[in-house]
Protein chains: 2
Amino acid sequence: MPDVKHFDPDAVLETVVRLFWRQGVATTGIQDVVTATGLNRSSLYATFGGKQELYRAALRRYTDQRSRPAFRSLAQDQRGLRAVAEFFDGLIEARCAGEHARWGCLVVNAHAGAENGDPEVRALLDQHHQELRDAMLAALVTAEAQGQLAAGTDPGAAAELLALLAYGVNLRSRAGADAGSLHMTVTAALQSLSSRTVV
Amino acid sequence: MPDVKHFDPDAVLETVVRLFWRQGVATTGIQDVVTATGLNRSSLYATFGGKQELYRAALRRYTDQRSRPAFRSLAQDQRGLRAVAEFFDGLIEARCAGEHARWGCLVVNAHAGAENGDPEVRALLDQHHQELRDAMLAALVTAEAQGQLAAGTDPGAAAELLALLAYGVNLRSRAGADAGSLHMTVTAALQSLSSRTVV
DNA sequence: GCTATCTTGAAACGGTCATTCCAAGTTAGT
DNA sequence: ACTAACTTGGAATGACCGTTTCAAGATAGC
């Protein structure tokens, strides 16, 4: 009986993700969203609710579609430190060149804003961090089993270290950090964790 | 002949720093500044100019009064890796407890916002990064001279690594990261850089 | 005490913010 | 074709944004 939506909510949300990602939440107005998506306020509010709910939905979509797949392939990669190195290679490439260059990471950016006061947002940040750390841990456990880790290295602590390093890469890339310098830094980190038999 | 200011611009700026630091720039209105400082719009604009100039001044004050002194004492500390460890200890303590707990770092937060589009802000971020890296480097060169670094460790790359780690600590602490976990991570990082003769 | 020069208080500026409302339009089942 | 249920366009909401303006007040040198 009812009328049906004249747009694809998923495509709209993807547009919103990119808006918040590039410009930040606080500096992006509902008018920007209306202009970029082409739909009007009524449809926007009826579909997603207000701005904060829209931001939460964007954050969820970002982690679902971008973060988690990358974490999954890292966790499943059986090559140990090589897997970690390639994860960072892809990250740096995506952050410094191409369509999303200098956008950083939506989740990392969210840490710095005032929007992390929202408990639901905070929970998403924590979940994202845990998933990143766990993926690193899986790769490091594999590396350890293959004798790639330096003696006495705690995979758990090293996983947390690499996760924080990823935050740093995301942050600095947004301010224009040089890709070569970031690559060098990651290489140094991995070398410091590795037994010197592999490099 | 003229009248003289009825307030201390330096004290006002310190109040503004804390406002921007805690709440973020985008979410802090001029009205918030007026309320927090007690002075009115005329005096505010006559003394500091508009909001963007006020923010730039706050950033300069933050780096002058908070970042740079910490960097200086790190660079001058002759104990090598121990100096680095204490730098991070102080950082984590300041970020997770006390008056500024969960505020993160004003400069790190600035990376994520839209305000880094301002060339002058961008320059401040780059300068801050360089000073942090240089301080780390000085400590690491000292460590190397004392045989504290693992063979084959490049102090320059390691300095950059530790700088990025500091960004990660600042970011995650703002989202409520546990101090103990951060300490553990820093310890793991330093251990991975150290020759196993010292711990 | 007068004056030149600055500061201060308070109101007002146009613009943009997120959100709401409602009449008109569209659809699917009867 | 009629209707119930929903969507859409577009205007309107009041609140707040950063900034400007200007008359009144305060100060230091004469």
Side-chain angles (χ1 to χ4, degrees), chain A residues 1-59 110 113-121, chain B residues 1-60 106 110 113-121:
Chain A
M1 307 163 177
D3 191 2
V4 92
K5 280 193 203 310
H6 301 180
F7 62 93
D8 176 11
D10 223 51
V12 165
L13 194 51
E14 173 62 23
T15 303
V16 173
V17 164
R18 295 149 86 98
L19 228 45
F20 284 157
W21 187 3
R22 179 159 48 93
Q23 313 182 6
V25 200
T27 24
T28 301
I30 291 293
Q31 180 59 51
D32 295 328
V33 175
V34 166
T35 303
T37 62
L39 45 76
N40 59 12
R41 294 171 150 74
S42 305
S43 311
L44 197 61
Y45 277 84
T47 307
F48 300 104
K51 188 183 182 183
Q52 190 65 20
E53 290 185 51
L54 183 60
Y55 176 58
R56 288 195 280 242
L59 214 52
E115 58 270 18
N116 76 0
D118 181 343
E120 201 170 322
V121 169
Chain B
M1 307 155 178
D3 191 1
V4 94
K5 280 193 203 308
H6 301 180
F7 61 93
D8 175 11
D10 224 51
V12 165
L13 195 51
E14 174 61 23
T15 303
V16 173
V17 164
R18 295 150 86 100
L19 226 45
F20 285 157
W21 186 4
R22 179 158 49 90
Q23 314 182 5
V25 200
T27 24
T28 302
I30 291 293
Q31 181 58 50
D32 295 327
V33 175
V34 166
T35 303
T37 62
L39 44 77
N40 59 12
R41 294 172 150 74
S42 305
S43 311
L44 198 60
Y45 278 83
T47 308
F48 300 104
K51 187 184 183 184
Q52 191 64 20
E53 290 185 51
L54 183 60
Y55 176 58
R56 289 195 279 243
L59 248 151
R60 273 191 298 268
L106 181 63
E115 58 270 18
N116 76 0
D118 182 342
E120 200 168 324
V121 170

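Throughout, a chain's letter reflects where its sequence line sits, starting with A, and its residues are numbered from 1. Please read these numbers as outputs of a predicted model, since none were measured by experiment.
We find that CG of A/D3 is positioned 6 Å from P of C/dT27, with the value rounded to whole Å. Separating the NZ atom of A/K5 from the C1' atom of D/dA5 is a distance of 13 Å, rounded to the nearest angstrom. Going from atom CD of B/E53 over to atom C1' of D/dT19 covers 12 Å, rounded to whole Å.
Across all strands shown, A/T27 has no heavy atoms under 4.0 Å from either base or sugar-phosphate atoms.
For B/I30, whose side chain is taken as the heavy atoms from C-beta onward, the closest listed nucleotide among D/dG18, D/dG25, C/dT5 is D/dG18. When distances are taken from the side chain of A/Q31 to each of D/dT7, C/dC17, D/dG18, the shortest belongs to C/dC17.
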Please step through side chain to side chain contact (heavy atoms under 4.5 Å, CB included) for the pair A/F48 and A/V16, ending with a clear verdict. CA-CA 11 Å; A/F48 300 104; A/V16 173; 5.9 Å; no

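Once rounded to the nearest 0.5 Å, the distance linking OH of A/Y55 with CG of A/D118 reads 9.0 Å. Here CG of B/L59 is found 8.0 Å from CD of B/E115. Values are rounded to the nearest 0.5 Å.
Nearest heavy atom pair, residue A/T37 against residue A/V12, reads CG2-CG1, 3.9 Å. Closest of all the heavy-atom pairs between B/A36 and B/L19 is CB-CD2, 3.8 Å. When every heavy atom of A/T28 is checked against every heavy atom of A/V33, the shortest pair comes out as CG2-CG2, 4.3 Å.
Comparing B/G50 and B/H6 by the nucleotide of DNA chain D that holds the closest heavy atom to each, the one mapping nearer the 5' end is B/G50.
Sorted by residue number, the members of residues 36-47 of chain A with any non-hydrogen atom under 4.0 Å from DNA chain C read A/R41, A/S42, A/Y45.
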